[in-house]
Amino acid sequence: MIMNAKKRVGILTSGGDCPGLNAVIRAVVKASTIKGWDLYGIPYSTDGFISLAQGKSQPEDLKLKDHGYDIPGLLQGLDVLQFLSGSVLGSLNKGNPHDPEVANNIIEGYKILNLDALIAIGGDGSLEIIYDLAKKAGWNLIGIPKTIDNDVPFTERSVGFDTGVNVVTNALYDLTFTAASHERVMVVQVMGRDAGHLALNAGIAGGADIILIPEIVPNLTENLLENICKVLAKLRSEGRKFALIVLAEGVKNFEAKKEKYIGDHLAQLIQDYSSKLCHNGDESLCNLEEVDCRATTLGHLQRSGIPSSYDRLLATLFGIKAVTLIEQEQYNHLVILENGKVESKSLDKVMPMIKWCHQENRCADPVDPHGFMVQTAKALGIYMGN
Ligand code: F6P
């Protein structure tokens, strides 16, 4: 097979943003510039193709070059991309590529660019959408996993997760002192969608007393509340007057429904329940009667921290792996971290599993409730709801 050395490559970011996207883009820009390739940054994911198809933008507008940035003075030429969160290309987590007209426009835009390959940096949802389009239109696709949820299967890490863990860990540190000063119980609601990786990793690193994740506690129950109150009362009786509870947003309410502010809900329930238990005659719980519970929802702060050194490195390694795969014309692969090494896996093996999980409404890569991370939390005496 004769390989064409000079490539025309597109790159886009899709789904929710996260720290490290720009570091991937930077790595791809640098490596393809050195190789003399033409690189096109597709703005707002597949919407960028639609704009091309509708004549609202021209291929030349999308060309990416490694020219440094126009910063004055001695910082002239500084390459800032690896430090910045978000995506310079913009991202998209809506739109309906299943609508045939939308899909045709996207495919039309892709044809105008006449790409040899497309690098899509996405989570499981957005990668599935782009994979389907790629199959339909015969694109050469390379996927790079990104998400603070760390729930893309077949990779140990996704870009953005490490920074998310750092943001939550730092928040737990910050909350510790105000919690201690007022002898309060702090419930910290953490993102992760249906996965508990972020809550579990940060909860352990940040010294949580209780960590609740959907893989172990799918929804709140009276029994769970009673146990939480018992754990808090025991801590108090041992002299620890404050407590930190990390609650993953995927844990549902009593009716097994998702609640936007599940942390506030749990804080109120603990407050009400603790006095009820004492009044019902369980004296061991009466030291909780006046407990002051507060909730903090960290929200999108978790997606916007300065990318950690690990995320910058992972993003760079993943970006260079994508370029290498394209150079070798090994298309239709997802770049992954496997046993600590940067590898790749055929998207035709990855996607059926993702699709099945989506159909079944399951998380594509949940926390293993029997894994060493959970064992570690339990060995530290962290209550996890079972
Ligand atoms: O998938 C990343 C994520 O940040 C989840 O953790 C969270 O549930 C969701 O996206 C929030 O989405 P949005 O930014 O659309 O509110």
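Since we're looking at a predicted model, the values are computed, not measured. Atoms within a ligand are numbered from 1 in the order they appear, just like the ligands themselves.
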- line: In terms of heavy-atom contacts, I211 and I204 come closest through CD1-N, 3.7 Å
field: Residue and atom name of the nearest protein heavy atom (relative to atom 11 (C) of ligand 1), distance in Å to one decimal
entry: R303 NH1, 3.6 Å
- line: Closest to atom 8 (O) of ligand 1 among protein heavy atoms sits E249 OE2, 2.5 Å
- prompt: What residue and atom, counting heavy atoms only, is the protein's closest point to atom 15 (O) of ligand 1, and at what distance?
  reply: N93 ND2, 3.4 Å
query: So, K63 and D38, do they make that salt bridge, N to O below 4.0 Å?
result: yes
statement: salt bridge (charged side-chain N to carboxylate O under 4.0 Å, His left out) pairs touching residues 354-372, sequence neighbours excluded, are E128-K355, D132-K355
message: With a heavy-atom distance limit of 4.0 Å, tell me whether L198 approaches ligand 1 through its side chain, its backbone, both, or neither.
response: neither
message: I need the contact type for H300 against ligand 1. Using non-hydrogen atoms and a strict under-4.0 Å cut-off, is it side chain, backbone, both or neither?
response: side chain
message: Is there a polar contact, in the sense of an N or O pair closer than 3.5 Å, between G192 and ligand 1?
response: yes
field: Residues D348 and Y131: side-chain donor-acceptor under 3.5 angstrom
entry: yes
Can you give the donor-acceptor pairs under 3.5 Å from side chains of residues 235-243 to other protein atoms, not counting sequence neighbours?
unit_1	atom_1	unit_2	atom_2	d
R236	NH2	E183	O	2.6
R236	NH2	K241	O	2.8
S237	OG	K234	O	2.7
E238	OE2	K234	NZ	2.8
R240	NH1	D209	OD2	3.3
R240	NH1	F242	O	2.6
R240	NH2	D209	OD1	3.1

query: Which residue supplies the protein heavy atom nearest to atom 9 (C) of ligand 1, what is that atom called, and how far is it?
result: R193 NH2, 3.5 Å
query: Side chains of H197 and D149: does their closest heavy-atom pair fall under 4.5 Å?
result: no
query: What is the nearest protein non-hydrogen atom to atom 1 (O) of ligand 1, stated with its residue, atom name and distance?
result: D149 OD2, 2.6 Å
